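Small disclaimer: the values here were computed from a predicted structure and weren't measured. Protein chains get the first letters and strands the later ones, always in sequence-line order, with residue 1 at the start of each.
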Amino acid sequence: MHDIRMVREQSAALRDGMQRRGMLEQLEPVIARLESLDRERRQTIQTVEERKAARNAASQEVGRKKKAGEDASELQAQTRALGEEIARLEATLSDTEAAIQKGLYEIPNVTLAEVPAGDESNNTVVRSWGTPRATEGVKPHWEVGEALKLIDLPRGAKIAGSGFIVFRGAGARLVRALMNLMLDLHTRDHGYDETWVPVVVNRASMTGTGQLPKFEDDMYGLTDDQGFLIPTAEVPVTNLYRDEILDAAQLPLAMCAYSPCFRREAGAAGKDTRGLLRVHQFDKVELVRYCRPEDGAAQLELLTGHAERILQTLGLPYRVVLLAAGDTGFSSAMTYDLEVFAPGVGKWLEVSSCSVFTDYQARRANIRFRAAPGEKPQHVYTLNGSALAFPRVIAAILEHCQQPDGSVVVPEALRPYVGLDVLR
RNA sequence: GGACAGGUGGCCGAGUGGUUGAAGGCACCGGUCUCGAAAACCGGCGUACCGGCAACGGUACCGUGAGUUCGAAUCUCACCCUGUCCGCCA
């Protein structure tokens with residue numbers, strides 16, 4: 001969420017940011033309305049506070065008179081009328097403020113200068129690693145997965161619904177292996193603090209990271225309670241320090257967490273629905289960092305490198321894509337997608353999305369730090385990235401490491417965790 | 001799930017419906033004293049918003065929300081959270 005002051009004082013930069021996302025036309029009415037609501041709000045505040053000052057003075061006078069044994073009934077009646085006026089003004093004010101809030105929630109973050117303007121056709125591959133193998137003769141992961149009895153999609157659909165996966169045998173062990181490998185690397189080599197968090201969170205947390213109010217349809221909500229299943233560990237982990245003020249010495253703060261993730265994928269019907277590419281529940285190790293504003297860009301490079309390291313360790317060819325403004329997520333200021341090549345389906349699969357949110361999330365979630373004792377707290381910059389999402393990594397392994405006989409060579413780094421060299 | 005008890009400033013802890021933003025203490029900052037330090041003493045010490053170039057003025061905030069009242073930290077209701085005991089349960 002932006003600060004209303006951003007709208008007031010930096011409206012040119014805001015409009016430029018929306019232009020670069022290709023959303024200015026759509027959002028111009030919202031911005032213009034915010035500008036007028038802002039003026040309205042301040043106007044009303046002035047009036048209401050002036051009336052309150054008058055009421056406070058009159059109330060004290062009533063008290064004084066009563067104490068002195070004088071009659072205060074007339075003054076009381078006047079003050080009551082004043083109170084009624086205040087109530088009306090406050091109702092107006094709270095309407096105005098709600099409208100401002102709503103408007104601010106509709107405006108996405110402004111992207112950083114190095115982010116290319118325009119829609120996804122302007123996404124840029126900034127580097128790549130490894131050599132994608134030829135697609136010739138490589139079977140899609142769902143065929144291998146089924147043949148090797150690693151994945152049971154029909155039974156997943158039976159017990160939960162389509163888009164829910166069952167892993168079996170070595171497939172299930174592969175999931176556990178990935179979890180351990182990733183957590184080990186991030187905690188041992190990359191300095192992340194391992195965290196284990198609830199997969200159910202409340203509305204305040206979902207609002208803090210920006211899933212609410214705009215994307216409620218994408219999430220699973222609990223029907224009897226006011227909770228939601230998390231779509232990513234970003235939500236609980238980033239919210240850990242919601243409404244807190246950190247010491248400067250705590251920054252940069254780095255946390256990683258394994259969690260299952262739940263997504264309704266509403267509106268995605270028919271797209272990438274085969275196999276493991278788009279499912280309602282999947283596992284992921286997530287990286288979350290908080291840093292000082294001046295470190296934001298460097299921290300994004302660092303975090304992205306940590307995610308890349310997993311793909312390198314697994315020996316899977318990938319490329320790093322800098323998303324154009326129009327393709328960058330709502331709350332994000334800059335995002336790199338990591339795409340691994342899956343020769344069986346002949347596609348680059350997004351297995352990670354690493355973003356810096358500047359202070360956009362931190363403002364919403366009210367996460368601050370004090371640069372020096374006695375200074376005013378300011379918002380941290382938040383970052384996160386998957387490292388990595390399991391199902392697509394598994395798909396890539398089943399395809400990239402596939403042998404002509406249909407068996408799959410387990411990436412070397414994973415062998416101690418899986419306990420097998422080849423899946424056959 | 002049931003029964004009690006409780007939620008006040010960075011922390012502890014007072015608070016009778018009326019100059020209470022809130023006693024007192026701790027912590028913290030500045031000063032006096034000291035060769036220096038400690039102790040003692042003196043002073044300072046919340047946040048947000050609105051107006052103002054500023055000095056400053058105003059408003060709001062005692063878990064959250066609503067209500068009663070001329071006036072609410074203080075009274076009423078609902079909700080949330082914490083603690084203790086009971087029940088149930090992996």
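Side-chain N/O atoms of T238(A) and N384(A) include no donor and acceptor closer than 3.5 Å. A donor-acceptor contact closer than 3.5 angstrom is absent between the side chains of E143(A) and Q402(A). A side-chain donor-acceptor contact under 3.5 Å links Q312(A) and Y318(A).
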For residues 408-424 of chain A, which side-chain N or O atoms pair as donor and acceptor with protein atoms under 3.5 Å away, sequence neighbours left out?
residue : atom : partner : partner atom : Å
R415(A) : NE   : V410(A) : O            : 2.8
R415(A) : NH2  : V410(A) : O            : 3.1
Y417(A) : OH   : D184(A) : OD2          : 2.6

Using distance only, find each side-chain donor-acceptor pair of residues 197-209 of chain A under 3.5 Å and give its atom names and separation, not counting sequence neighbours.
residue : atom : partner : partner atom : Å
N202(A) : OD1  : A204(A) : N            : 3.3
N202(A) : OD1  : S205(A) : N            : 3.0
N202(A) : OD1  : S205(A) : OG           : 3.1
R203(A) : NH2  : E216(A) : OE2          : 3.2
S205(A) : OG   : R242(A) : NH2          : 2.8
T207(A) : OG1  : R203(A) : O            : 2.8
T209(A) : OG1  : S205(A) : O            : 3.1
T209(A) : OG1  : Q211(A) : OE1          : 2.7

Taking only distance into account, with no hydrogens and no angle test, what donor-acceptor pairs under 3.5 Å do side-chain atoms of residues 74-81 of chain A form with protein atoms, sequence neighbours excluded?
residue : atom : partner : partner atom : Å
T79(A)  : OG1  : L75(A)  : O            : 2.6

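Between L89(A) atom CG and A60(B) atom C1' the separation is 15 Å, expressed in whole Å. Regarding R370(A), its CZ atom lies at a distance of 16 Å from the P atom of C28(B), rounded to whole Å. Atom CD1 of I245(A) and atom C1' of C11(B) are 15 Å apart (whole Å). L246(A) places its CG atom 15 Å from the P atom of G10(B), with the value rounded to the nearest Å. The interatomic distance linking E40(A) (CD) with C50(B) (P) rounds to 15 Å, in whole Å. Atom pair Q76(A):CD and U68(B):P shows a separation of 16 Å (rounding to whole Å applied). Rounded to whole Å, atom P of G46(B) lies 14 Å from atom NZ of K376(A). To the nearest angstrom, P of C49(B) lies 13 Å from CG of D38(A).
A gap of 15 Å separates the P atoms of U68(B) and C77(B), to the nearest Å. For the C1' atoms, the distance from C28(B) to C35(B) is 27 Å, rounded to whole Å. Comparing U32(B) with A38(B), their C1' atoms sit 15 Å apart, to the nearest whole Å. Rounded to whole Å, the P atom of G44(B) lies 13 Å from the corresponding atom of A23(B). Only the C1' atoms considered, C33(B) is 47 Å distant from A72(B), to the nearest whole Å. G25(B) and G87(B): their C1' atoms are spaced 42 Å apart (whole Å). Nucleotides U74(B) and G67(B) are separated by 14 Å at their P atoms, to the nearest Å. Nucleotides A48(B) and G21(B), compared at atom C1', are 13 Å apart to the nearest Å.
Without hydrogens or angle criteria, S355(A) side chain to S353(A) main chain gives no donor-acceptor distance under 3.5 Å. Side-chain N or O atoms of H280(A) include one that pairs as donor or acceptor with a backbone N or O of R263(A) at under 3.5 Å. Without hydrogens or angle criteria, E286(A) side chain to A257(A) main chain gives no donor-acceptor distance under 3.5 Å.
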For RNA chain B, the expected dot-bracket line (Watson-Crick or G-U under 3.5 Å, [ ] crossing, | inter-strand) is ((((((((.[[[..)..(.....]]].(((((.......))))).((((((....)))))).[[[[[..)....]]]]])))))))....
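Contacts of E28(A) classified as salt bridge (charged side-chain N to carboxylate O under 4.0 Å, His left out), with partners at least two apart in sequence or in another chain: R15(A). Under the salt bridge (charged side-chain N to carboxylate O under 4.0 Å, His left out) criterion, D38(A) pairs with R8(A), R42(A), not counting sequence neighbours. Residues forming a salt bridge (charged side-chain N to carboxylate O under 4.0 Å, His left out) with E106(A) (at least two apart in sequence, or on another chain): K102(A).
Sorted by first and then second residue, the ring pair (Phe, Tyr, Trp, His ring centres under 6.0 Å) pairs involving residues 26-59 of chain A (not counting sequence neighbours) form an empty list. For residues 169-188 of chain A, the set of pairs meeting the ring pair (Phe, Tyr, Trp, His ring centres under 6.0 Å) definition, not counting sequence neighbours, comprises H186(A)-H190(A), H186(A)-Y192(A).
Regarding contacts with the backbone of C70(B), every side-chain N or O of R64(A) stays at 4.0 angstrom or more from both OP1 and OP2. The side chain of R8(A) places an N or O atom within less than 4.0 Å of a non-bridging phosphate oxygen (OP1 or OP2) of C50(B).
In the set A48(B), C70(B), C50(B), C70(B) carries the atom at the smallest distance from any side-chain atom of R80(A).
Each of G83(A) and R42(A) lies near RNA chain B, and the nucleotide nearest R42(A) is the one positioned closer to the 5' end.
The residue R5(A) sits close only to the backbone: its heavy atoms come under 4.0 Å of sugar-phosphate atoms, none of a base.
Note: Y360(A) and H2(A) meet the aromatic proximity criterion, with ring centroids under 6.0 Å apart.
Non-hydrogen atoms lying under 4.0 Å from RNA chain B are contributed by nothing in residues 195-206 of chain A.
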Readout for nucleotides 52-59 of chain B: B = base within 4.0 Å of protein heavy atom, S = sugar-phosphate only, - = neither; 5' to 3' it is ------BB
Short heteroatom pairs, N/O only, protein and nucleotides 17-19 of chain B, under 3.5 Å:
residue : atom : partner : partner atom : Å
G18(B)  : N2   : S59(A)  : O            : 2.8

